[in-house]
Engineer: 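The structure follows.
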Amino acid sequence: MNRRHLLSALGATLLPGWAQAQAPAWPARPLKLIVPFPPGGTTDLVARLVATQMTATLGQPVVVDNKPGAGTVIGVDAGAKAAPDGLTLTCVANSFCVNQTLVKNLPYDGLRDLRPVGLMGLSEHVLVSHPGSGIRSLADLRAAARQPGARLSYASFGSGTSAHLAGEMLREQMGIELTHIPYKGQAPALNDLLGGQVTLMFGNWPEFRAHVQTGKLVAVGMATAQRSAYAPDIPTLAEQGVAVESNSWNGLLVPTSTPDAVVARLNAALRQALETAAVREAFAKGSIRSLAGTPEQFGQFIRSEVARYAQVIRSAHISAES
């Protein structure tokens, strides 16, 4: 082998390692975590907890950017159209799957334009009533609905939210009349429920727990398959004859073209964040269940949720304005 061929062969051997050594470590810049909800809710809390821990793992700040509006469409659209470099993550919840069916002319396709990184947490839902309604069980609700001139209502975080769809499932399965009163978020809905302006509401157990414990609200039943580890004394709706399951979950997505290696790195950082003492303690205190898993598992979960919500929306003829 002459000198020229020897140098060429040597270069081919060394070049990949040299290039890898010269390539900047990822991430080389801060990351953005879009949260398509206002600050202060459960999803925002989880996102900020995870962002803090991922910052430590990745060596770059993970900055939360709240972009609420249009039932989360504005924030999710911004995430879908971000550069596919892994530096922009989007935190999504149930509404992401609901909107695939509910919202006409979405500016993105949730199943095509975004790819899963991983699930984060889940808050179980409870059906609560105002004490003045006298409704303490589904039997009481059925009896109240049969009264002449009964005007029963339920509040939700907004049209098309998981709380709205749970209310429609309850109405359909029980065969009773319930008027849906949508609000712009859980906080204003909860305020009117506490004031007796509405009768019922599905919502996150962590945010209703104190009101139930002080008697300001009555827990009619947990919307879980089995009794909750966080509220074992409260019967499920299934125990009372109505198979309504509802919750609020959240997870992270990135644009579809994000490289596999970057997605794997983000998933590893997310799973490590969920295992930290700070996150585990905060989740336990807030009655939030950790849902760490792989991107593939999150993808399967998303597809199943899209199908589940599509069935409810079509069956109950729900529109974004319902």
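Numbers here simply count residues along the sequence, with the first being 1. Predicted model, so just to flag it, every value in this text is computed and none were measured.
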Engineer: Which atom names give the shortest non-hydrogen contact between Pro68 and Ile74, and what distance separates them?
Structural biologist: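 Heavy atoms of Pro68 and Ile74 come nearest at O-CD1, 4.2 Å.
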Engineer: Hey, are the side chains of Leu266 and Leu58 touching, using non-hydrogen atoms and a 4.5 Å cut-off?
Structural biologist: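 They are in contact (side-chain heavy atoms under 4.5 Å apart), so the answer is yes.
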Engineer: So Lys32 and Leu89, do their side chains get closer than 4.5 Å, heavy atoms only?
Structural biologist: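 Heavy-atom side-chain distance check fails, nothing below 4.5 Å.
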Engineer: Check whether any side-chain heavy atom of Ser315 lies under 4.5 Å from a side-chain heavy atom of Glu168, and answer yes or no.
Structural biologist: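 Answer no - side chains too far apart.
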Engineer: Quick check against the 3.5 Å criterion: does Thr199 have a side-chain atom that pairs as donor or acceptor with the backbone of Ser153?
Structural biologist: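 Between the backbone of Ser153 and the side chain of Thr199 there is a qualifying donor-acceptor contact (under 3.5 Å).
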Engineer: Would a 4.5 Å heavy-atom cut-off, applied to side chains only, mark Ser248 and Phe157 as touching?
Structural biologist: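 When only atoms from C-beta onward are counted, Phe157 and Ser248 do touch, with a gap below 4.5 Å.
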Engineer: Could you check Glu124 against Thr224 for side chain to side chain donor-acceptor pair (under 3.5 Å), going step by step and ending with a plain yes or no?
Structural biologist: CA-CA 7 Å; Glu124 297 165 334; Thr224 52; 5.4 Å; no
Engineer: Can you see which heavy atom on Thr42 is nearest to which on Ile288, and at what distance?
Structural biologist: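 Closest pair (atom of Thr42, atom of Ile288, distance): CG2-CD1, 4.0 Å.
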Engineer: Do other residues, nucleotides or ligands put more than 12 heavy atoms under 6.0 Å from Gln173 CD?
Structural biologist: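 Yes, CD of Gln173 has more than 12 neighbouring heavy atoms, counting only those of other groups under 6.0 Å.
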Engineer: Is there a donor-acceptor pair under 3.5 Å between the side chain of Ser129 and the backbone N or O of Ile135?
Structural biologist: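 Here the side-chain-to-backbone pair exists.
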Engineer: Evaluate the ring planes of Phe301 and Trp249, with Trp represented by its six-membered ring, and classify them as parallel (under 30°), tilted (30 to 60°) or perpendicular (over 60°).
Structural biologist: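 Because their plane-to-plane angle is over 60°, the rings of Phe301 and Trp249 count as perpendicular.
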Engineer: Do Asp113 side-chain atoms and Lys81 backbone N/O form a donor-acceptor pair below 3.5 Å?
Structural biologist: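 Not confirmed, Asp113 side chain does not pair with Lys81 backbone.
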Engineer: If we ignore hydrogens and angles and just use 3.5 Å, is the side chain of Arg142 paired with the main-chain N or O of Met174 as donor and acceptor?
Structural biologist: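 Side chain of Arg142 to backbone of Met174: no pair is present.
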Engineer: Rounded to the nearest 0.5 Å, how far apart are CG of Leu217 and CG of Leu193?
Structural biologist: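 Taking CG in Leu217 and CG in Leu193, the distance rounds to 5.0 Å.
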Engineer: For Gln53 and Ala273, which heavy atoms make the closest approach, and how far apart are they?
Structural biologist: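 For Gln53 and Ala273, the tightest heavy-atom pair comes out as CB-CB, 3.5 Å.
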Engineer: Which is it for Val242 and Leu170 under the side-chain contact (heavy atoms from CB on, under 4.5 Å) test, yes or no, and what are the steps along the way?
Structural biologist: CA-CA 7 Å; Val242 175; Leu170 180 74; 4.0 Å; yes
Engineer: Hydrophobic cluster membership, with links at side-chain heavy-atom distances under 4.5 Å among I/L/V/M/F/W/Y: are Val212 and Leu127 in one?
Structural biologist: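 No, no single cluster joins them.
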Engineer: Shortest non-hydrogen contact from Leu253 to Pro116?
Structural biologist: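 Minimum heavy-atom contact is CD2-CA, 3.6 Å.
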Engineer: Describe, in one word, how the ring planes of Phe96 and Tyr108 are oriented to each other, choosing from parallel (under 30°), tilted (30 to 60°) and perpendicular (over 60°).
Structural biologist: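 Phe96 vs Tyr108 ring planes: parallel.
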Engineer: For the residue pair Gly86 and Leu31, what are the closest heavy atoms and their distance?
Structural biologist: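 Minimum heavy-atom separation between Gly86 and Leu31: O-CD2, 3.5 Å.
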Engineer: Counting distance only, does the side-chain N/O of Asp85 pair as donor-acceptor with the main-chain N or O of Leu87 below 3.5 Å?
Structural biologist: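 Yes: the side chain of Asp85 pairs with the backbone of Leu87.
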Engineer: With the side chain counted from C-beta on, respond yes when Arg303 and Gln300 share a heavy-atom pair under 4.5 Å apart, and no when they do not.
Structural biologist: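 A side-chain contact exists here, since the closest heavy-atom pair is under 4.5 Å.
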Engineer: In Å, rounded to the nearest 0.5 Å, how long is the span from CG of Leu200 to CZ of Arg171?
Structural biologist: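 Between atom CG of Leu200 and atom CZ of Arg171 there are 13.5 Å.
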Engineer: How long is the straight-line distance from CG of Asn267 back to CG of Leu252, given to the nearest 0.5 Å?
Structural biologist: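 Interatomic distance, Leu252 CG to Asn267 CG, rounded to 0.5 Å: 9.5 Å.
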Engineer: Can you establish whether the number of heavy atoms outside Gln213 located under 6.0 Å from its atom CD is more than 12?
Structural biologist: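 Correct, the count exceeds 12.
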Engineer: Check whether any side-chain N or O of Asn250 sits under 3.5 Å from a backbone N or O of Ala93 as a donor-acceptor pair, and report yes or no.
Structural biologist: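 No; zero donor-acceptor contacts below 3.5 Å.
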Engineer: Within the 4.5 Å heavy-atom criterion, are Leu190 and Tyr183 side-chain neighbours or not?
Structural biologist: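 No - every pair of side-chain heavy atoms lies 4.5 Å or more apart.
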Engineer: Between Leu138 and Val218, is there a shared hydrophobic cluster once you connect ILVMFWY residues whose side-chain heavy atoms come closer than 4.5 Å?
Structural biologist: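 Cluster IDs for Leu138 and Val218 differ.
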Engineer: Would you say Thr256's side chain and Arg112's backbone share a donor-acceptor pair under 3.5 angstrom?
Structural biologist: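 Side chain of Thr256 to backbone of Arg112: a pair is present.
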Engineer: Do Met201 and Leu141 share a hydrophobic cluster (ILVMFWY, side-chain heavy atoms under 4.5 Å, transitive)?
Structural biologist: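 Looking at the clustering, Leu141 is in a separate group from Met201.
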Engineer: Begin with the C-alpha distance, continue with both residues' side-chain angles, and end with the deciding distance and a verdict on side-chain contact (heavy atoms from CB on, under 4.5 Å) for Gln100 and Ile313.
Structural biologist: CA-CA 11 Å; Gln100 279 293 113; Ile313 290 167; over 6 Å; no
Engineer: Mark yes or no for whether Arg289, through its side chain, and Leu122, through its backbone, hold a donor-acceptor pair below 3.5 Å.
Structural biologist: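 No; judged by distance alone, with no hydrogens or angles, the pair does not exist.
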Engineer: Please say yes or no: joined through hydrophobic side-chain contacts below 4.5 Å, possibly via intermediate residues, are Trp205 and Val220 part of one cluster?
Structural biologist: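 Cluster IDs for Trp205 and Val220 differ.
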Engineer: Does either side chain, that of Arg48 or that of Asn66, offer a donor lying less than 3.5 Å from an acceptor on the other one?
Structural biologist: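 There is such a pair (donor and acceptor under 3.5 Å, judged by atom type) between the side chains of Arg48 and Asn66.
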Engineer: What distance separates Asp65 CG from Thr88 OG1, expressed to the nearest 0.5 Å?
Structural biologist: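 Nearest 0.5 Å value for the CG-OG1 distance: 9.0 Å.
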Engineer: Can any side-chain N or O of Ser137 pair as donor or acceptor with the backbone N or O of Asp140 at less than 3.5 Å?
Structural biologist: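 Yes.
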Engineer: Just one of Asn94, Thr101, Asn99 clears the side chain to side chain donor-acceptor pair (under 3.5 Å) bar with Tyr309, so which one?
Structural biologist: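 For Tyr309, the side chain to side chain donor-acceptor pair (under 3.5 Å) check succeeds only for Asn94.
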Engineer: Taking Phe202 as the starting point, is it possible to reach Tyr154 by hopping between hydrophobic residues whose side chains are less than 4.5 Å apart?
Structural biologist: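 Yes; tracing contacts between hydrophobic side chains, which count when under 4.5 Å, links both residues.
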Engineer: Roughly how far, to the nearest 0.5 Å, is CG of Leu270 from OG1 of Thr294?
Structural biologist: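 Output value for this atom pair is 11.0 Å.
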Engineer: So does Leu152 get a backbone contact from the side chain of Glu177, meaning a donor-acceptor N/O pair under 3.5 Å?
Structural biologist: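 No, Glu177 side chain to Leu152 backbone: no donor-acceptor pair under 3.5 Å.
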Engineer: Arg227 vs Thr236, test: side-chain contact (heavy atoms from CB on, under 4.5 Å). Steps then yes/no.
Structural biologist: CA-CA 6 Å; Arg227 290 212 180 191; Thr236 67; 4.1 Å; yes
Engineer: In Å, rounded to the nearest 0.5 Å, how long is the span from CZ of Arg271 to CE of Met54?
Structural biologist: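 Here the rounded value is 12.5 Å.
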Engineer: So Leu114 and Val76, do their side chains get closer than 4.5 Å, heavy atoms only?
Structural biologist: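 Touching, per the 4.5 Å side-chain cut-off.
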Engineer: What is the minimum heavy-atom distance between Cys91 and Val35, and which atoms define it?
Structural biologist: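 Distance-wise, the nearest heavy atoms are CB-CG2, 4.2 Å.
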Engineer: Checking Cys97 against Ile302 for the side-chain contact (heavy atoms from CB on, under 4.5 Å) test, could you report, in this order, the C-alpha distance in whole Å, the side-chain angles of both residues, the deciding distance, and whether it holds?
Structural biologist: CA-CA 7 Å; Cys97 295; Ile302 286 173; 4.0 Å; yes
Engineer: Do Pro182 and His164 come within less than 4.5 Å of each other through their side chains, counting heavy atoms only?
Structural biologist: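 Answer no - side chains too far apart.
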